[in-house]
Every structure is written in structure tokens, then in C-alpha cells.
Amino acid sequence: MAAPSMGGVSLPRGNGQTVRLPRGASLTDLAEKIGAQPAALVTALFHLGEMVTATQSVNDETLQLLGAEIDWDIQVVSPEDEDRELLETFDLTFGDEEGDEEDWSSRPPVVTVMGHVDHGKTKLLDALRHTNVVSREAGGITQHIGAYQIVTELEHNERPVTFIDTPGHESFTAMRARGAKVTDIVVLVVAADDGVMPQTVEALNHAQAAEVPIVVAVNKIDKEGANPAKIRQQLTEYGLVAEEYGGDTMFVDVSATTRQGLDELLTAILLTADASLDLRANTEQDPQGVVIEGKLDKGRGPVATVLVQRGTLRQGDSIVAGDAYGRVRSLLDEHGNKLKEALPSRPVQVVGLTSVPRAGDTFLVVEEDRVARQIADRRQARIRNAQNASMRKRISLEDLDAALKENRQLNLIIKGDNSGTVEALEEALMKIEVSDDISLRVIHRGVGGITKSDIDLALADDVIVLGFNVRAEGQATELANREGVDVRYYTVIYQAIDEIEAALKGMLKPEYEEVQLGTAEVREVFRVPKIGNVAGSLVRSGTIVRNSKARLLRDGAVVADNLTVESLRRFKDDATEVREGYECGIGLGSFNDIKIDDVIQTFEMREIPRA
């Protein structure tokens, strides 16, 4: 039933009916669902104080505001539900185990290492797998997620264990959370000489939210001042009670430097897995899993590190990972060795994708390349719409005029060596809060070196380009230098955050405070031809400075403000300033309403430095 809406616009009333829309949908999308004219919806939103075009991505709040007005229950579909519905259109599902019992077999536990920065997570993994990852990390801080599988022995049986090393810096919260979602067991690393720190608690919260068993590795027990008992006591406050205290959490004292306790840690992981988890997977199901990391390799193109969760991934499979797709050209283990297949819980590098997927994207194998491309294209459109909606700043009619006059926005392009780092850097930058009238916008992000097209985009939109572990080369460098594009390079993420925050503060309007310079009491008023009245005064406090701002007070009330000390004399001589206790003649320009016993206050406006 059509009913008149605001401004005489006729819109179909929903009478409470539900309409489902993907995140970032436009008014045209909504119009198709409810049988309305897009122009009518644009007009309706205009009368609600929102200015949106018919094809522009609209955020969730605006859609629901419009729905309430026209009596439709608009439900914005979550990315997970939308992806599930997308796969159902191709008769595919993700995450559902199926198949006969004989197709199931045991799989290795997937272990995520978490903890505070500089507590030795990567050094611990380094000792476990006899490699040296720390030396390649800027500042000794892990800048992205890595996945590795090692083989240990328990009761004379060889047992593989998959480790995921998550970044330790606080800005990588999202990546650590994502690690917890793909893991079976969390190893919480706490330095015995440092204790429980904020990021330790943060990592613990992620693990508990994922409802996975936790093994605590008390690291650096070889250092002076190490107190493992204190760590056990501190963690009881967070619900982790050691077995020796009557709890059910295994604590292992280790030293990554001396290799003490490493075998005991592996044993604790396997015992926890056997006691708490039923680690089995269907090896015959269509392969599915999660992207742990993605990067652009110069020789091999887009490379994704994936964790197979079920099924068996083989060379030649048609794969779709997030909004990337392709045919698996080769499978590589963490050492670069070629594999024929990857079983559940096996981290493996996939070569052959058309683009670099994001860390945390799901992957699945489909029967045809055509289906993979269609799924990837739809996911790409969905991600683009959602990003456009989230970047759109709401402008009401009341502040439209101010927004047109004042548009202070810092535009960024972010390029990095892998997708997880780019995503984490973007998220950390978007959390910077400086002022309501300053905005930060990432207009492009990507994996790989800074290209000429990036510089061209920066020229068009007046953008700062951030390169994280990547550089501009060849034509891109020449163009950036010639056109003066600001390209900044970083290897440690918090340096980037600090510099961008400083840049945002530099865009703020300066704030000033009034600083009083001096006061003078009027003792006599002299009439000077061609100048006007001059106040013969005694400086009571501070200093009277020529050309400073002034105000005139009479009986404690302000008679005139925004005056200027245009002339200042000591007897017959001009003066620049006159100090407390001295007499002087003060001329306030064309202002002549000066009387005996008036008080002249002088001041200046000083800029307040930003904190």
C-alpha cells in the first residue's frame, strides 16, 4: 500500500515487513526490494536530514533510520551470513563436516602462540623449529602471522604440531584475535622476569573468547629476577589455575635461549589436546580452510599461506580465497619444499591466485574455475560496498554548510609486504582520535611495492603514501620525486601510527589562550590634537607593550574590548614597553572615551601547543 511520506513523496509502506540488505547497499538496492522509486527514497532521506545519492553506499544506521520512517524492518546482513547465502546459491557450504566415518582421521593440533610484546614468543618458536625468524623482524617484533609445523615424539609415536605465530605489538589485536579463531590450543607466553602485562591479559581474553584450552609457557626463567611462582599467582586472578595449585591449566617453565623446558612444553600441548579435544577431520571432503597470511612474491606472484581445516588440498584444485581465486599451481611447505597435497591442520603456501587474499579470509575448493571467479567477483563487490559505506561520513543538513566550508581530511594509500600487516595497520590508524572535525580516509590499500598507479592516485587526491616493508621503484620513484608526493617508509608499525597522529594534529585549527601582559591605572587624560585622548597612566602590574591588545575597565566593568595600544610614550619619548611602577602615556587609537581611574588591561593571544 502506497502512503504519502515527507514532502509529498509517495512510498510503499511495509507494515513491519522485513527486508534484508547486504552491508553497504545503496538506495537503488532498497528500492528494488520494496518496489519504490530510488528518487523517492533520496527525497525521504533528505527530509530526515541525510544527503545520499541513489547509487551511493549507505551505512547501517542510515538504512535503519529510513526503514523506521517508511515502516520497513531493514535487516543488514552480516558479512558471514552474506557469504553463507552467496555460497548457497552455488550449492556450497563452509564449515559443515560431512561424509562417512571411515573418511575421518586424526589431525595435528593447531597451536597459537600469544602474549605481550618482547616476552619471547617468536624466540620460543625459533628454538622449537631451529630457525631464526626474529633476526628478520624489524625491532624484534613480529609484523605478520607465520604458520609452521614441527614433529615431536610422545610415547614413542611421532606427532606433528602446527604453530601459528601471531604478532606481539598491541596494534595487532585483530590479527591475534583471528589467530585464536583458527586455533585448537593457545600457548600463552609470559616472561618470568616481567610478569602479567596489559597485552598478556588482552591475549588471554581472545583465547578465552574462542573457548580454547590454554597452556602457559613461563619464558625467560634463565634471567636474573625470574619468578615463575609469581606468574602462577598473578594468572589465578584471571581464571588460570596451575595444576600444582589444584587447577586444570598446565604451566611449563621454559627458556628459549637455553632451550630448557621445550620438550616439556610440546608434551603439555599434546596431553592437553588429547585430554580436552577430539581432533579429527574429514580428509575426503572438498578442501576448506583459512588464509593465515598473504603476500606478493616477485617471482611467484600472489602467495597465500593457508591452513587446511578439512579435506585434502591438492595441486590443480580450483580455489577461491576471499575475493581472490585461481588454480593451485604449486603447494609449498614453510621451508619452500614442494608438496603434492596438504591434509587437515597443515599450513601450506598456495601459488596460483589472481590476487592477494586477506588474513582471516576463508578458502574453499570448487569444481570449476568459472564458479571460483563468480564467487570472488561477488565477494569483491560486497567488500567494496561495505568499505564505501564505512568511509562515508554522515552529513546532516544542519552542518552541511560547515562541511562545505571546512573539509580537513587526511587521505592515505597503504602498501605493505603482506595482507595481514596492511589490514592491521589500517585498523590501528583508523582508531586514532584527534578531533571531530578531522577525518582520516584510506582510499586504497594493497600488497606489494608502490607502483606508478599508486602515485597517480596520490596526485589526483592529494594523498600520503605509506610503504610498510616495501619501496617505490623505477617510474614510481621518479614520478613521486618530480611531483612532490609524500611517500613514507616504515618497518615498525608504531612509528607509522605516531607520525600519522602527529600529521592529524597538525591539521587541527590552532587554539589560543589569552595571556595578560600588564595593567595600568589612568591618572590623567590629555587631549592631543590630531591624535585624540591620551591616558596618562601608572603601570600597576606587568608590562604595557606597544601594539598589544587592550581593554578598558571602569568600576570593574568592561567598557571597551578589542582595543590596541597604538602609541606609548615615556615623557616626550616613544617607548616599546613600560614596566610596573613607571608612568606613561597610552593612546588607544580612535577610542577616546577615557576617564580618570579607568584601568587599561593589555594582553596577547598565544597558541596552545597540542598535547
Side-chain angles (χ1 to χ4, degrees), residues 83-84 87 90-112 145-152 157-164 179 181-185 270 273-274 277-294 300 302-322 324-354 357 359-373 375-376:
D83 201 51
R84 191 177 297 112
L87 295 179
F90 293 95
D91 292 326
L92 298 170
T93 57
F94 184 87
D96 295 328
E97 295 280 11
E98 55 187 27
D100 300 327
E101 187 68 24
E102 60 267 18
D103 294 336
W104 290 55
S105 60
S106 61
R107 63 172 181 83
V110 179
V111 180
T112 298
I145 293 177
Y148 320 89
Q149 191 170 86
I150 64 173
V151 178
T152 186
N157 292 321
E158 285 193 348
R159 299 277 299 274
V161 180
T162 296
F163 282 93
I164 297 177
K181 290 176 183 175
V182 301
T183 195
D184 300 313
I185 295 174
L270 291 172
D274 293 344
L277 304 167
D278 178 21
L279 297 180
R280 297 188 306 150
N282 186 342
T283 57
E284 298 303 319
Q285 185 185 1
D286 289 337
Q288 298 179 358
V290 176
V291 177
I292 299 297
E293 191 47 84
R300 296 177 294 185
V303 177
T305 301
V306 305
L307 179 71
V308 181
Q309 293 179 310
R310 55 191 59 87
T312 304
L313 183 62
R314 295 181 175 87
Q315 186 175 338
D317 284 343
S318 294
I319 186 174
V320 55
Y325 69 96
R327 185 176 288 270
V328 179
R329 286 209 314 267
S330 60
L331 296 173
L332 307 171
D333 66 11
E334 59 269 26
H335 306 294
N337 301 319
K338 285 194 173 184
L339 302 174
K340 291 183 178 179
E341 61 182 24
L343 294 167
S345 295
R346 184 71 170 94
V348 63
Q349 289 187 324
V350 174
V351 181
L353 293 170
T354 54
D361 281 343
T362 58
F363 83 84
L364 68 161
V365 169
V366 296
E367 291 183 359
E368 301 178 39
D369 295 347
R370 175 183 57 82
V371 175
R373 184 176 65 252
I375 294 173

(Q) Under the rule for side chain to side chain donor-acceptor pair (under 3.5 Å), what residues qualify as partners of Ser345, not counting sequence neighbours? (A) Arg107

Q) Should Thr152 and Val161 count as side-chain neighbours, where that means a heavy-atom distance under 4.5 Å? A) yes

Q) Taking atom CZ of Arg280 and atom CZ of Arg310, what is their separation to the nearest 0.5 Å? A) 13.0 Å

Q.
Looking at every non-hydrogen atom in both residues, tell me the closest pair between Leu331 and Ala342 and how far apart they are.
A. CD1-N, 4.3 Å

Q) Do you know the tightest heavy-atom contact between Pro109 and Pro160? A) CD-O, 3.7 Å

Q: Taking the side chain as every heavy atom from C-beta outward, state whether Pro287 and Asp317 have any atom pair closer than 4.5 Å.
A: yes

(Q) A side-chain contact here means heavy atoms from C-beta on lying under 4.5 Å apart; do Arg159 and Asp274 qualify? (A) yes

Q: Report the residues that fulfil side chain to side chain contact (heavy atoms under 4.5 Å, CB included) with Pro347, sequence neighbours left out, ordered by chain and then residue number.
A: Ala147, Gln149, Thr162, Leu307

Q | Atom pair CD1 (Ile185) and CG (Leu270), whose distance is rounded to the nearest 0.5 Å | A | 7.5 Å

**Q.** Set of residues satisfying side chain to side chain donor-acceptor pair (under 3.5 Å) with respect to Gln315, sequence neighbours excluded
**A.** none

Q.
Working to the nearest 0.5 angstrom, can you tell me the gap between Ser106 OG and Asp278 CG?
A. 9.5 Å

(Q) To the nearest 0.5 Å, what is the distance between CZ on Arg370 and CD1 on Ile375? (A) 10.0 Å

Q.
Show the nearest heavy-atom pair for residues Arg300 and Val351, with the distance to one decimal.
A. O-CG1, 3.7 Å

Q: Might you point out which heavy atoms bring Ala304 and Pro357 nearest each other, and give the distance in Å?
A: CB-CG, 3.7 Å

Q. Does some side-chain heavy atom of Gln288 sit less than 4.5 Å from a side-chain heavy atom of Val365?
A. no

Q. Residues in salt bridge (charged side-chain N to carboxylate O under 4.0 Å, His left out) with Glu158, at least two apart?
A. none

Q: State the CD1-OG1 distance between Ile292 and Thr112, to the nearest 0.5 angstrom.
A: 7.5 Å

Q) salt bridge (charged side-chain N to carboxylate O under 4.0 Å, His left out) with Asp333: which residues, sequence neighbours excluded? A) none

Q. Partners of Arg314 by salt bridge (charged side-chain N to carboxylate O under 4.0 Å, His left out), sequence neighbours excluded?
A. Glu341

Q) After noting the C-alpha distance and the side-chain angles of Leu313 and Val350, does the key distance pass the side-chain contact (heavy atoms from CB on, under 4.5 Å) rule? A) CA-CA 10 Å; Leu313 183 62; Val350 174; 3.9 Å; yes

Q | Where Thr312 and Thr283 come nearest, the two heavy atoms and their spacing | A | OG1-O, 2.8 Å

Q | Residue Glu284 excluded, over 12 heavy atoms near CD under 6.0 Å | A | yes

**Q.** Over all atoms of both residues, closest heavy-atom pair of Gly326 and Leu353
**A.** N-CD2, 4.0 Å

Q: With sequence neighbours left out, write down each residue that passes side chain to side chain contact (heavy atoms under 4.5 Å, CB included) with Asn157, or none if nothing qualifies.
A: none

(Q) Can you list everything that forms a salt bridge (charged side-chain N to carboxylate O under 4.0 Å, His left out) with Arg373? Sequence neighbours excluded, please. (A) none

**Q.** Nearest-0.5 Å distance that lies between atom CD1 in Ile164 and atom OG1 in Thr183
**A.** 5.5 Å

**Q.** Steps toward side-chain contact (heavy atoms from CB on, under 4.5 Å) verdict (Leu343, Val308)
**A.** CA-CA 7 Å; Leu343 294 167; Val308 181; over 6 Å; no

(Q) For Ala372, give me all partners under side chain to side chain contact (heavy atoms under 4.5 Å, CB included), at least two apart in sequence or on another chain. (A) Val320, Tyr325, Val366

